[in-house]
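In the text below, chain A, chain B and the rest are named by the order of the sequence lines, each starting its count at 1.
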Amino acid sequence: MLEITTIKDHFDQAVSGLIKRGIANAESLLSELMDLDKKRRETQSNLDSVLAEANTKSKMIGRLIQGGEKEQAQQLKEETSVLKNQAKGLQDKLTALVDKQQESLYNIPNIPNGNVPEGCSAKENEVVEEWGELPSLDDGAMPHWDLIQKYDIIDFDLGNKVTGAGFPFYKGRGAKLVRALANFCLDQAEAAGYQEIQPPVMVNETSGLATGQLPDKEGQMYAISDSNYYLIPTAEVPITNIYRDTILEVSDLPVKNVGFTPCFRREAGSWGADVRGLNRLHQFDKVELVQVNHPEYSYKALDEMCKHVSLLLQQLRLPYRMVNLCGGDLGFTSAQTFDFEVYAAGQDKWLEVSSVSNFETYQTNRLKLRCRGEDKKNFLLHTLNGSALAIPRILAAILENFQYQEGIRIPEVLVPYTGFDAITH
RNA sequence: AGAGGGUUGGCGGAGUGGUCGAACGCGGCGGUCUUGAAAACCGUUGUACCGCGAGGUACCGGGGGUUCGAAUCCCUCACCCUCUGCCA
C-alpha cells in the first residue's frame, strides 16, 4: 500500500498518477484520505495525553500506597478510572479511524511511474521492443492443443479425470521438456547472480496480505479450508515474504533470488478460446526472479531484469515483443510493468510469458521491509519481480513455432537439457 | 495425534502486580591507549506512531480480559522443545 506521508508530500503527483490509471475521482478520494489522516492524528494526540496523565497518576498511587496514605490513593484511583474510560473511548475511535484508513489505502493502487504511458486498456500499451521473425508455417500446421495429442506429450483428459480442468499431465518427452525449460531458466538466473530458493507453495494470510494478493484478489488464490493457508499463485509471494519485518543493511543489497515453483490460480470466470490448451491453467510451473533493491537503483534493476528475459527468449529463438503497460492495464501493486509476449504461430496469437514489475515501496510498506540508512534513519526498500519464465506458454510457443511435417524441433539451447533434438512419432 | 515444558531487545539470559523499555553477559558502534592491531578501560546501542520542539504514547509470540497499574494474573490462538504414536 501507499505511504500516507508520500500522498501528503506529493499530493498532486499522486492524484495525476491515479488519474492515469483511470480513477476519475482520484482527487476527492485522496482528499478524503487526508482528512481521515488528520482526524487520526488528532485522536492519537488526545489519546496519548490522556494516557500520559493516567500513567502519571497510577505511579503516584503506587507511591501513596507504599507510604500508607490509603485515602489519597483511593481518591486518585477514582480519577484514574475516569481517565481510563476516556482513553477507552478514544482508543475505540482511533482503532476505527486506523482501520478505515487502512482499508482505504488497501484499495488505492500504486502510483504509476512517469514513464508509464497514458491509456485505459491494453490497446494503448506501448511496444518498446520487437525481436525475431514470425515463422510461416506449412499447410497443416496445428495449434499446440492438437500437437500435444498427436505426439502424446501432454494429456488434458487425464487431468480432468484425476483432478479437473486446467490440471494437465505432462508425459514422457513433454515432462522432459518442462524439466529442461526449468533447468535452463534456473541455470541462466544463477549465472546472472540470483540465488536459487525452493519456498513452500502454501502461505499464510499475513503473507498474502503483505505482497498484495489479499484482500484485493482473494478470488485468485486457492484457500486451504481447514488450515488457513493459501496455495501460492506465484513464487513472488513466499520469496518476497522472506523479508517481511526485516531491516537490511545497504551492504546486503541488491537481494536477488530465483524460485521455481508450481503456481496455482483459480482464474474464476475465465472461459473461451483464449484459454484453450496451455494458454491458461489452474496449475503451472514458473521460474520467478525476485529482487529487493535500493530505491536509487530499482529502475536500473528493472531494466536489467527485462534484458535477462529478452536474452532467454532470444536464446530460445522465440519471436517476442516487449510491452510497456499503460496506466489502465497496470497491475494493482505495480509502479511500472513490462510484459513479454511471445508469438505462437499455430494459433496466431501473442502469449504473455513474462511480466516484469517494479513495485517501488508499495509492497515493502506492508512488508515492513526497510534499510538502515547511513544517517541511521530507516527507509523502505523497493521490490521487483519478473517471470523468467512461465513454462507452459513457452512450451506452447515452442511446439507451435518449431513444428514441421514429421515432428517438432527442439531449440538448440535446450538440447543439452532434453537429450533429444526433435519430437517425432 | 496425546502428555508435559516453553516463547523476553541482534544473540544468550534475569525478571511472577508498581519509576521495567526491561538487570547482567556477548555482539555492534564511538572513544582513550597503540606505529597499526589485539587486550584493557570509558561511553553508546530496539521499532513504530504523535509533536516545530521539549517531550509523549505503544510494543516483553498474536488477540482479548482482570486491575488505578500487567513482561508478571486469567482466557484464547499460533509457534517451538521433550517424550509417546504415526509417517515420506
Euclidean distance, atom CD of residue Q91(A) to atom P of C49(B) [Å, nearest integer]: 16 Å
Give a yes/no answer on whether the side chain of R40(A) brings an N or O atom under 4.0 Å of OP1 or OP2 in C49(B). no
Calculate the interatomic distance between I247(A) atom CD1 and G46(B) atom P; express it in whole Å. 11 Å
Hey, which sits more toward the 5' end of RNA chain B by its nearest nucleotide, R41(A) or Y229(A)? R41(A)
Take atom P in G62(B) and the same atom in G25(B), then report the distance between them in whole Å. 27 Å
Quote, to the nearest angstrom, the C1' distance that separates A70(B) from G18(B). 10 Å
Separation of Q44(A) atom CD from G51(B) atom P, in whole Å? 8 Å
I'd like the C1' distance from C73(B) over to U66(B), given in whole Å. 8 Å
C74(B) to G56(B) separation - C1' atoms, rounded to the nearest Å: 31 Å
Euclidean distance for P, G69(B) against G15(B) (whole angstrom): 26 Å
Can you tell me if S334(A) uses its side chain to pair, donor with acceptor, with the backbone of Q336(A) under 3.5 Å? yes
I4(A) CD1 - C49(B) C1' separation (whole Å): 13 Å
Please give, in whole Å, the distance from C49(B) C1' to E3(A) CD? 14 Å
Under 3.5 Å, is there a donor-acceptor pair between the R370(A) and T364(A) side chains? no
Assess, by modelled atom type and distance only, whether the side chains of Q314(A) and Y320(A) contain a donor and an acceptor separated by less than 3.5 Å. yes
Ring centres of F379(A) and H294(A) under 6.0 Å apart? yes
Should N378(A) be listed as having a side-chain N or O under 4.0 Å from OP1 or OP2 of A48(B)? yes
Between G30(B) and G12(B), how far apart are the C1' atoms? Round to whole Å, please. 24 Å
Could you tell me whether a side-chain N or O of R393(A) sits under 3.5 Å from a main-chain N or O of E352(A), the two making a donor and an acceptor? yes
Would one find a side-chain N or O of R372(A) under 4.0 angstrom from OP1 or OP2 of U47(B)? yes
Quick check: does any side chain N or O of H282(A) sit under 3.5 Å from a backbone N or O of R266(A), one acting as donor and the other as acceptor? yes
How does protein contact run along nucleotides 58-75 of chain B, one letter per nucleotide 5' to 3', with B for base contact, S for sugar-phosphate only, - for none, heavy atoms under 4.0 Å? S---------BS------
Euclidean distance, atom CG of residue N228(A) to atom C1' of C79(B) [Å, nearest integer]: 14 Å
Roughly how far apart, to the nearest Å, are G31(B) and C79(B) at atom P? 47 Å
Nearest-nucleotide 5' precedence on RNA chain B, R63(A) against A52(A): R63(A)
Please confirm whether the backbone N or O of E400(A) pairs with a side-chain atom of Q403(A), one donor and one acceptor, at under 3.5 Å? yes
Short side-chain to backbone donor-acceptor contact, H144(A) and L278(A), under 3.5 Å: yes
Any stem touching RNA chain B, meaning at least three consecutive Watson-Crick or G-U pairs under 3.5 Å, ordered by first number, would be B:1-7 with B:78-84, B:10-12 with B:24-26, B:27-32 with B:40-45, B:46-50 with B:55-59, B:61-65 with B:73-77
In whole Å, I'd like the distance from the CD atom of E249(A) to the P atom of C29(B). 10 Å
Main-chain N/O of T333(A) paired to N110(A) side chain as donor or acceptor, under 3.5 Å: yes
Rounded distance in Å between the P positions of G13(B) and U7(B): 10 Å
Scan side-chain atoms only and decide if R276(A) and N279(A) contain a donor-acceptor pair under the 3.5 Å cut-off. no
Atom NZ of K38(A) and atom C1' of C50(B): how far apart are they, to the nearest Å? 15 Å
For Y417(A) and F184(A), take the angle between the two ring planes, folded into 0 to 90°, and tell me which bin it lands in: parallel under 30, tilted 30 to 60, perpendicular over 60. perpendicular
